[in-house]
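Report on the following structure.
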Amino acid sequence: MKLIVHGAANEVGRSCIELVTDDSTRFLLDAGIKLSETGTEFPLTVENPSGISAVFVSHAHLDHTGYLPLLDHNGMKCPIFATSPTKALTKILLADAFKIGRLKHQPLGYEEENIEKALSFTRRIKIDDEGSIGKAKFEYFDAGHIPGSSYIHVQVDGKRILYTGDINTNETRLLNGAETDYPKDVDVLITEATYGDREHPPRQNTEKEFLNEAEETIEKGGSVLVPVFAVGRAQEIMLLLSKENLGVPVYLDGMAKEATELLLNYPKSIKNAAELRDAYEKVRFVKGSIQRKNIANKQGIFVTTSGMVTGGPVMDYLSKLGTDPRNSILLTGYQGEHTNGRMLLETGSVFIDGWKTKISANYKQFDFSAHAGQNDLKKLIKGVNPGKLVFNHGDPGAINALHEWADIVDIRSYAPKIGDKITF
Ligand SMILES: [Zn+2]
Ligand SMILES: [Zn+2]
């Protein structure tokens with residue numbers, strides 16, 4: 001049996017691993033893309049997609065699902081296994097990516113209809129239920145990363161493979177942490193390594209600092225811009241802000257609104273749906289760019305997509321608020337390479353409508369991560385006790401740190417490059 005690494009190899013983005021059995025039955029673990037200022041990067045081409053027997057999708061984020069429509073376009077016709085919230089969220093995220101691609105004149109290589117067609121192949125799998133396809137059996141477990149997210153155990157030809165997708169073992173305001181009663185002694189564990197070289201600060205400290213920063217900004221007469229990921233981070237920030245009264249209205253804009261409404265239809269996928277509904281009822285919504293420009297002239301807290309400042313309504317707010325030093329931009333997550341968010345942190349400038357623009361507003365990054373930290377990952381690996389360990393979904397530094405540790409604790413591990421094949 002072998003694994004072919006098509007993406008997320010020493011990088012965060014375009015997760016896609018192919019599992020090939022000895023009789024050439026082929027499965028995919030995720031099918032994602034990588035979005036950046038320079039365009040969309042796809043995984044290494046999966047040859048003959050019509051020969052794939054099934055895709056196991058861990059969660060809705062585009063770095064795990066964005067390749068599905070292109071695979072459909074290229075002839076893939078197999079079941080795609082996903083939880084119900086994952087399917088519903090994937091649909092809105094793919095539609096949004098397509099729209100942004102068109103606006104930026106960066107065609108994605110497929111038609112809009114391929115989104116609907118790809119999703120029509122989705123088969124629902126419930127968390128903790130077992131499924132089967134041909135000779136393969138599989139089970140999905142709660143990964144605690146975003147609503148609907150799962151880690152996946154596949155058994156085929158007497159071999160057992162555990163794939164973490166993106167995983168968070170810590171509880172947040174929105175979600176319970178991942179299930180930690182892992183399948184043990186598997187042949188191969190493929191683990192994400194986003195935070196493989198660092199720990200997260202205690203969440204309570206991060207929340208406190210975030211609120212202090214917002215409060216100070218409001219006190220000096222400024223507004224607060226909070227770029228968020230639509231799924232997970234937007235709701236986490238809403239839940240946090242709903243407990244405080246900072247004296248100015250909180251606005252929710254962009255995909256974050258649609259995603260929150262959708263999640264309220266899947267109450268079991270979140271920790272406390274009543275709390276989220278309550279928070280949702282407290283925020284104000286923004287309709288279109290004219291209203292956006294009006295409210296941006298007044299004081300407020302603007303929670304909006306996209307989280308890495310790569311597009312969406314956040315760009316309108318940025319051009320309005322970015323030049324006034326009284327305002328603050330509070331980044332709430334990981335900022336990928338070649339994104340405006342990373343550029344802001346490193347150079348103090350961003351690209352707005354193609355123009356490099358100096359930001360005089362105050363800016364700061366907060367760690368509201370939905371990924372396991374270094375120690376959580378080590379605990380997970382020890383808990384699973386795999387025969388072989390494969391690292392993916394991490395920058396080289398993060399993967400190296402875990403790779404070196406695995407040597408010390410005597411677990412055979414791989415940090416594959418793109419296109420590598422691992423036989424086991
Ligand atoms: Zn994710
Ligand atoms: Zn991811």
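Order of appearance sets the numbers: ligands from 1, and atoms from 1 within every ligand.
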Would V228 and T304 count as a side chain to side chain contact (heavy atoms under 4.5 Å, CB included) here? Give the steps.
CA-CA 6 Å; V228 288; T304 184; 5.7 Å; no
Under 2.8 Å from the Zn ion (ligand 1), is there an N/O/S atom belonging to D166?
yes
Return yes when at least one N/O/S atom of H371 is nearer than 2.8 Å to the Zn ion (ligand 1), and no when none is.
no
For a ring-ring contact (aromatic ring centres under 6.0 Å, His included) with H61, tell me which candidate from H371, H145, H393 qualifies.
H145
Is there an N/O/S atom in [X] at a distance below 2.8 Å from the Zn ion (ligand 2)?
| X | value |
| --- | --- |
| E192 | no |
| H64 | yes |
| H59 | no |

Correct closest heavy-atom pair for A259 and A230 would be CB-O, 3.4 Å
Atom of H61 closest to the Zn ion (ligand 1), considering N, O or S atoms
ND1
Any ion pair linking E207 and R173 (charged N to carboxylate O, less than 4.0 Å)?
yes
Any salt bridge between R14 and D63, counting N to O under 4.0 Å?
no
Of the N, O or S atoms in D63, the one nearest the Zn ion (ligand 2)
OD2
Donor on one side chain, acceptor on other, H403 and S413, under 3.5 Å:
yes
